[in-house]
Amino acid sequence: MKARTGMRVAVAGGTGLVGRYVVEELVAAGHEPVVLSRSRGVDLVSGGAGLDAALDGADAVVDVSNVTTTSARKSVAFFDAVARNLLDAGERAGVRHHVALSIVGIDRVGLGYYQGKLRQEDVVRAGSVPWSVLRATQFHEFAEQTLERVPRPLAVVPRMRTQPIAAREVAQHLVKLAAGPAQGMAPDLAGPRVEQLVDMVRRLLRARGERRSVVPVRMPGGVGAAMTGDGQLPVGGGARGTQTFDEWLAARDVEGSGRGVKEGVRGEGESRVARESQDSQHSQDSQGG
């Protein structure tokens, strides 16, 4: 039998948008990915023998799992359970590095979904497995996901400043983190340019050749103030992606490209859909950031 030269890395939510990219990047780097998702027979919420078996021999875990809900209670319950199960099973399996994908601004924007991400970070921080948490901004796909949530003929879009990043670039950073020593809270990861979500949606509609009236809406109170201000922009001098939103539009066939994409770590708080999922961002699918 040929000896394994790379790492064995378990990817929680490995069938979602970012998760699939993480798997691809792991393979490209010579590592062995192990996908953890319900579709592969692993229940991250209940844990159990299936999770223990999947983590057997794993060197690292990358967690890009997600739940799509506006409820703080559901979000906290999901991320608390998944983080604890992954960390407990990881400790039993001898995992040396736990990497979790989080969202820039969750401690500055008071969305219910973000309370779950904060709980996830707290659980990871308190665990016994060496850890890294990477906060990323919304993904370029977030504009597409926003349109998918709103019935025609209108497109009701929250006013939000963001610095969107390509989901694949997020995956690349997660793989680099997993292959190195634990960093604790890694520097914020963001795209190359600050954008207004309303403008992103309008440009997406033009690229699709789709006629649809865009209705900008400011979220009420402190949430709206944070979203329209700097609440979801990166802090500090972390890495920046290279692909702009317009380059992302040009690089793909936007006609129907978002069909069936599932939201991951980013912007689920604005969703009016409460679909629970263990797969990563559409996870943004997810992460959108």
Side-chain angles (χ1 to χ4, degrees), residues 15-21 64 66-70 103-105 109 111-114 136-170 190-191 193-220 223-224 227-228 231-233 241 243-277 279-289:
T15 58
L17 175 63
V18 175
R20 293 195 300 270
Y21 285 140
V64 290
N66 181 63
V67 61
T68 303
T69 181
T70 60
I103 309 171
V104 166
V109 180
L111 293 171
Y113 172 82
Y114 286 0
T137 54
Q138 300 289 342
F139 305 149
H140 293 317
E141 285 83 357
F142 187 47
E144 209 163 37
Q145 294 153 5
T146 300
L147 284 177
E148 293 297 323
R149 300 190 198 108
V150 183
R152 288 174 170 79
L154 300 179
V156 180
V157 181
R159 292 191 181 277
M160 184 180 82
R161 294 180 75 221
T162 183
Q163 198 164 326
I165 186 169
R168 181 175 289 279
E169 290 184 308
V170 174
R193 182 180 303 168
V194 176
E195 301 276 5
Q196 168 57 243
L197 178 60
V198 173
D199 295 335
M200 292 168 63
V201 168
R202 286 176 173 145
R203 279 139 65 193
L204 175 63
L205 287 170
R206 285 198 299 269
R208 284 181 170 182
E210 185 175 337
R211 298 177 65 86
R212 195 167 169 187
S213 297
V214 176
V215 181
V217 176
R218 178 186 168 113
M219 300 288 280
V223 170
M227 290 175 64
T228 56
Q232 292 184 288
L233 299 183
Q243 186 184 50
T244 67
F245 179 71
D246 288 329
E247 289 169 343
W248 173 82
L249 279 178
R252 62 183 291 171
D253 177 10
V254 295
E255 286 291 341
S257 61
R259 303 300 185 265
V261 176
K262 183 175 139 250
E263 161 89 319
V265 309
R266 12 255 82 233
E268 296 82 346
E270 291 92 310
S271 173
R272 295 297 178 260
V273 180
R275 299 187 309 273
E276 273 69 22
S277 168
D279 292 342
S280 79
Q281 298 65 2
H282 287 253
S283 270
Q284 114 230 38
D285 328 9
S286 77
Q287 243 11 318

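For the side chain to side chain donor-acceptor pair (under 3.5 Å) test, no residue two or more places apart in sequence or in another chain qualifies with D199. Every residue meeting the side chain to side chain donor-acceptor pair (under 3.5 Å) condition with R203, not counting sequence neighbours, appears here in chain and number order: E195, D246.
Contact annotation: the side chain of Y21 never approaches that of E169 to less than 4.5 Å [non-hydrogen atoms, C-beta and beyond]. The shortest distance between side-chain heavy atoms of Q138 and M160 falls below 4.5 Å. Residues V223 and V109 form a side-chain contact, since some pair of their non-hydrogen atoms from C-beta on lies under 4.5 Å apart. Contact of the R159 side chain with the Q196 side chain is registered, since non-hydrogen atoms from C-beta on lie closer than 4.5 Å. Contact check for V157 versus P216: no side-chain heavy atoms found under the 4.5 Å cut-off. You'll find the side chain of L147 reaches within 4.5 Å of the side chain of R212, heavy atoms only. By the 4.5 Å heavy-atom criterion applied to side chains, T70 and Y113 are not counted as neighbours.
Considering every non-hydrogen atom in both R218 and G224, the closest pair reads NH2-C, 3.9 Å. Counting all heavy atoms, side chain and backbone alike, G191 lies closest to I165 at N-CB, 3.6 Å. The minimum heavy-atom distance linking V18 with A167 is given by the pair CG2-CB, 4.1 Å. A136 and V170 get closest at one heavy-atom pair: CB-CG2, 4.2 Å. Between V150 and A155, the closest heavy-atom pair is CG1-CA, 4.1 Å.
Looking only at distances, a side-chain donor or acceptor of R20 sits under 3.5 Å from a matching main-chain atom of T15.
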Take E144 and R208 through the test salt bridge (charged side-chain N to carboxylate O under 4.0 Å, His left out) and record every step on the way to the result.
CA-CA 11 Å; E144 209 163 37; R208 284 181 170 182; 3.5 Å; yes
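The CG atom of L204 lies 6.0 Å from the CH2 atom of W248; values are rounded to the nearest 0.5 Å. One distance of note links CE of M200 with CG of L205; it measures 12.0 Å at 0.5 Å rounding. Taken from CZ in R202 to OG in S213, the straight-line distance is 10.0 Å, to the nearest 0.5 Å. In this structure, CD in Q232 is found 9.5 Å from CG in L197, a value given to the nearest 0.5 Å. Between the CG atom of L249 and the NE2 atom of H140 there is a distance of 9.0 Å, given to the nearest 0.5 Å.
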